[in-house]
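All remarks here apply to the structure that follows.
Throughout, protein chains are lettered first and strands after them, A, B, ... in sequence-line order, and every chain is numbered starting at 1.
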There are 2 protein chains.
Amino acid sequence: MSSPKKPPLVRAPLNRERVSLAAVRLADESGLDALSMRNLAQELGVVPMALYKHVANKEELFDEMINALVLEIDPLQKDLEWKPALRHRILSARTVLLRHPWAPHVIESRTSASPVVLDYMDTLIGIFLKAGFSLDLTHHAMHALGSRMWGFIQEVFPTPESPTDPEELAEAFAQWSIRYPNIIEMATAANHTDESQRTQGCDDQFEFEFALDLMLDGFERLHKSGWSSTQVSRSQNASLESAVRGKRK
Amino acid sequence: MSSPKKPPLVRAPLNRERVSLAAVRLADESGLDALSMRNLAQELGVVPMALYKHVANKEELFDEMINALVLEIDPLQKDLEWKPALRHRILSARTVLLRHPWAPHVIESRTSASPVVLDYMDTLIGIFLKAGFSLDLTHHAMHALGSRMWGFIQEVFPTPESPTDPEELAEAFAQWSIRYPNIIEMATAANHTDESQRTQGCDDQFEFEFALDLMLDGFERLHKSGWSSTQVSRSQNASLESAVRGKRK
DNA sequence: ACCTGAACACCGTTCAAGT
DNA sequence: ACCTGAACACCGTTCAAGT
């Protein structure tokens, strides 16, 4: 009953690396849902339990997959200014992520950072510090970058796809224009501005870079103005907010 | 063999709302892992299959949970300027999210936006447009906000917790200082700046507001300068990036 | 209309045993 | 040292049946 397509009577012995690389391949090709210990074992021509000699459990397998992924990110370019250096590294992280669509979900499920992950973060922090950023501002900047440092686009809720039938589409459009006038106004405008992109949806790469540059420019401005966290900027906004809260009560 | 603690011989009839509210409660109290159709049914004193009369499958249950959550967000305050209006709404979304720790994971798993979700997004877009933002800039701003509009902090990889034994801690610290000098330098500084926060870790609320204000200030600046997406800002950075790419080749 | 029981096709993981 | 077989305690969901 076993598949005749898998005849490795003599099999290369399993090891941690072979297991995690196979896991990455399986997730790349068949999606994260298909990555069960049982499926992975079958892919390796082995009984499920054999995997547990090389990986303590599925969580550890995920950790190992993330390590493989982080090692794909371009190394630091030491001769660049802080801004292009950060930009290059993070855009590289993004191209890596695009090769592994399962990555965001797996990254988010990790409960602690591995040495490989910490190395990456350490180099990013190093870029800020070497450029003379204060420890304080560097700290906040790293938090503000958040998952964007891994190349996440962090969109949620893709808009439902429009019907293909033109008549249905017209009707749907009409209903939406009433219920969600602002969305429709914005979306139709966006579709016309740049004809090079696919007719529906927008250019993810552009949106990623737009947001990244917005943050980098913001960091630069705060750095140049000698910003520190014990300053006006926050309390100003905070008092606005508490004014709003008071009003509602 | 059935539990003697659940004697509702006459039970209020189930409906969609009772099912989803029970799901929210179960996830709040016991975590997302505990929210299985079987557990939920037991919580409601019913056999698992009974749920499927009110909800097509587990995905639909998740959709309904998100709806319940979005409806908890403060309504729009029409008398505010665009910036405090956005700020208030998004900070409200954040407090809602903090009440429901399972929400980020569930939100990210949704494949399309429900009417309730679209309503929320429509009002945010409306705030920009009413303030005179171009359709173009509004579109990019919404993407740049990304999951932050739902109050996500979007941290990943919490640093591993330090050992409690002081001797181990000293040793760990020494090793980290060598391997991750920048992380250590930044982290120790951050712990000293604000004594009001817990000794380790940092103030999540501050980091969220810092990043939010950074984006809002950026939007304001672009708006005032009449920014449009067909401009220099991008090509400038893009040419920098391609210069880097060329260099590496 | 609403609920039930039994079953199907899966999971991750433990344990004791094989070579 | 490395792999196996059988089993355990779970999943979401289908189907045919009950009241």
Roughly how many Å is it from NZ in K58(B) to P in dG12(D), rounded to a whole number? 4 Å
In whole angstrom, give the distance that lies between atom CG of L40(B) and atom P of dC10(D). 17 Å
N57(A) or R38(B): which one's nearest nucleotide on DNA chain C is closer to the 5' end? R38(B)
Go nucleotide by nucleotide along DNA chain C from the 5' end; which of A50(B) and K53(A) gets its closest nucleotide reached first? A50(B)
Taking the minimum atom-to-atom distance to the side chain of [X], which one of [options] wins?
X: V47(B); options: dT4(D), dC2(C), dG5(C); value: dG5(C)
X: S36(A); options: dC3(D), dT13(C), dG12(C); value: dG12(C)
X: V46(B); options: dC11(D), dG12(C), dT4(C); value: dT4(C)
X: L14(A); options: dC15(D), dC3(D), dT4(D); value: dC3(D)
X: Y52(B); options: dC11(D), dT13(D), dA6(D); value: dT13(D)
X: H54(B); options: dC11(C), dT13(D), dC3(C); value: dC3(C)

Would you indicate what M37(A) reaches in the nucleic acid, counting non-hydrogen atoms under 4.0 angstrom: base, sugar-phosphate, or nothing? sugar-phosphate
Could you please name the partner base of dT14(C), counting Watson-Crick and G-U wobble pairs only when both distances are under 3.5 Å? dA6(D)
Applying a 3.5 Å limit to both distances, which nucleotide forms a Watson-Crick or G-U wobble pair with dA1(C)? dT19(D)
For atom CD of E167(A), is the number of surrounding heavy atoms from other residues, nucleotides or ligands below 6.0 Å larger than 12? no
Roughly how many Å apart are dA16(C) and dC2(D), using the C1' atom of each and rounding to a whole number? 15 Å
Could you tell me how far dA9(D) sits from dA9(C) if I compare only their P atoms? Round to whole Å. 22 Å
Output, in order, the C-alpha distance, side-chain angles, deciding distance and verdict of side-chain contact (heavy atoms from CB on, under 4.5 Å) for L61(A) and R16(A). CA-CA 9 Å; L61(A) 179 65; R16(A) 198 169 230 261; over 6 Å; no
Between D122(B) and R179(A) (salt bridge meaning N to carboxylate O under 4.0 Å), is one present in this structure? no
When you look at R110(A) and D63(A), which way does the salt bridge (charged side-chain N to carboxylate O under 4.0 Å, His left out) test go after all the steps? CA-CA 7 Å; R110(A) 299 307 76 212; D63(A) 285 338; 3.0 Å; yes
Supply the atom-to-atom distance L91(B) CG to I73(B) CD1, rounded to the nearest 0.5 angstrom. 11.5 Å
